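What follows is a set of notes on a single structure, which appears directly below.
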Amino acid sequence: MGNDSQAGAAVYSPLTLRLYDAWVLGISNRYAWGCPTTAVLLPFFRQHVGRRHLEVGVGTGYYLAKAELPAATEVTLLDLNPASLAAARARFGRPAQTLRHDVLEPLDPTVGSFDSIALYYLLHCLPGSLAQKGRVFAQLAPVLAPGGVLFGATILGNAAGHNGFGQRLMALYNRKGIFGNAGDTLAELERELHRHFAQVEVRQVGRVALFSAREPHEGSARASG
């Protein structure tokens, strides 16, 4: 990613990470985006996480820490921001591999094969259209194990029917380059997932899209162009 696209990752300083759970997971999810963390997002995470798990865009590690994962779960953390990686690893409190990597770039297949890959609140932080962000799916599909699932959540754009609080946050975050989601729609997300996966499920809760995808198409990494 170029300098502009790094804004979404760079915002997560040690200070903002300490405030993240209260502001994003507590206040914003419930009152701005209409998708409560503990009632919707955490159960969705628990439903899909597998034994060999790749967490992409790790935040504070909240979902990993709260998911009550079996002891045998193997976790790899992938993020562009070293502060996020350190915070999530500490929060998780178990051994975990860390990868500092730009998810829009090819991922070395030697990192492993994963039963689940989570993209929680990553896509709306990336620049460009959802067609451009679809490169993420192309890069991750090759490391999804047979029978595995890629899943996540993303805040939709201006057409999603934001309330006044959400509209103000959307305008601010997009102006600062923290978000790049003004034009993101549920239909475009679903279309992009279908470009890379045979089995796709997408639903909207409040202004947030929850998605899961299985069975990558043959050569999906090449489909991104």
Side-chain angles (χ1 to χ4, degrees), residues 1-45 56-63 66 79-81 83-84 87 103-104 118-137 151-194 200-213:
M1 289 187 285
N3 290 335
D4 290 344
S5 62
Q6 296 207 23
V11 69
Y12 295 108
S13 68
L15 173 61
T16 57
L17 284 166
R18 287 196 293 271
L19 301 173
Y20 182 91
D21 284 8
W23 175 249
V24 176
L25 303 182
I27 296 172
S28 299
N29 277 351
R30 179 174 295 276
Y31 298 108
W33 318 130
C35 187
T37 302
T38 56
V40 178
L41 292 168
L42 182 56
F44 190 74
F45 186 94
V56 182
V58 299
T60 64
Y62 170 87
Y63 294 101
K66 297 293 186 180
D79 204 289
L80 193 58
N81 187 318
S84 291
V103 74
L104 289 173
L119 297 148
Y120 259 55
Y121 279 24
L122 172 72
L123 296 177
H124 63 243
C125 294
L126 299 178
S129 66
L130 276 168
Q132 293 169 308
K133 297 174 189 184
R135 288 170 53 197
V136 170
F137 307 137
F151 69 99
T154 186
I155 300 166
L156 297 170
N158 294 332
H162 288 278
N163 61 24
F165 183 24
Q167 288 173 3
R168 289 190 290 273
L169 287 184
M170 281 280 293
L172 175 64
Y173 292 166
N174 276 273
R175 186 167 64 248
K176 289 183 173 293
I178 298 169
F179 282 9
N181 68 333
D184 291 0
T185 67
L186 191 73
E188 287 178 289
L189 173 63
E190 185 171 14
R191 182 164 57 247
E192 198 57 36
L193 285 165
H194 275 296
V200 171
E201 294 184 7
V202 178
R203 64 186 173 99
Q204 184 173 338
V205 177
R207 272 66 67 189
V208 174
L210 305 179
F211 59 89
S212 63

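Note that the coordinates shown come from a computational prediction; the quantities given were computed from them, not determined experimentally.
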Euclidean distance, T37 OG1 relative to I27 CD1, rounded to 0.5 Å: 11.0 Å

Walk me through it: do N163 and R207 pass the test side chain to side chain contact (heavy atoms under 4.5 Å, CB included)? CA-CA 9 Å; N163 61 24; R207 272 66 67 189; 3.7 Å; yes

What are the two closest heavy atoms between A160 and L156, and how far apart are they? CB-CB, 3.7 Å

Please say whether more than 12 non-hydrogen atoms of neighbouring residues, nucleotides or ligands are located less than 6.0 Å from OH in Y31. no

Return the minimal non-hydrogen interatomic distance between F211 and A153, and the atom names on each side. CE2-N, 3.5 Å

Within the 4.5 Å heavy-atom criterion, are L41 and Y121 side-chain neighbours or not? yes

From F165 CZ over to S28 OG, what is the distance, rounded to the nearest 0.5 angstrom? 5.0 Å

Identify which one of L210, L189, T185, L186 satisfies the side chain to side chain contact (heavy atoms under 4.5 Å, CB included) criterion when paired with Q204. L186

Mind checking the CG-CG spacing from L126 to D184? Nearest 0.5 Å is all I need. 9.0 Å

So, for V208 and C35, which heavy atoms are closest and what is the spacing to 0.1 Å? CG2-CB, 3.6 Å

Side chains of L119 and F137 in contact at under 4.5 Å (non-hydrogen atoms): yes

Is the ring centre of F151 less than 6.0 Å from the ring centre of F45? yes

Checking S84 side chain against V58 main chain: does a donor-acceptor pair fall under 3.5 Å? no

Run the side chain to side chain contact (heavy atoms under 4.5 Å, CB included) test on L172 and K176 for me, step by step, so that the C-alpha distance in whole Å, both residues' side-chain angles and the decisive distance to 0.1 Å come before the verdict. CA-CA 6 Å; L172 175 64; K176 289 183 173 293; 3.5 Å; yes

Any chance you could measure K133, atom NZ, to E188, atom CD, to the nearest 0.5 Å? 9.5 Å

Using modelled atom types and a 3.5 Å cut-off, is there a donor and acceptor pairing between side-chain atoms of E190 and backbone atoms of A187? no

Considering non-hydrogen atoms only, spot the tightest contact between I155 and N181 and give its length. O-ND2, 3.0 Å

Going by heavy atoms in the side chains, are F44 and Y63 under 4.5 Å from each other? no

Which pair of heavy atoms, one from L193 and one from V202, lies closest together, and at what distance? CD1-CG2, 3.8 Å

Where the side chain of T154 meets the backbone of A209, is there a donor-acceptor pair that is under 3.5 Å apart? no

Using the ring of each side chain (for Trp, its six-membered ring), is H162 parallel, tilted or perpendicular to W33, with breaks at 30° and 60°? perpendicular

Derivation of the side chain to side chain contact (heavy atoms under 4.5 Å, CB included) call for F179 and L169: CA-CA 10 Å; F179 282 9; L169 287 184; over 6 Å; no

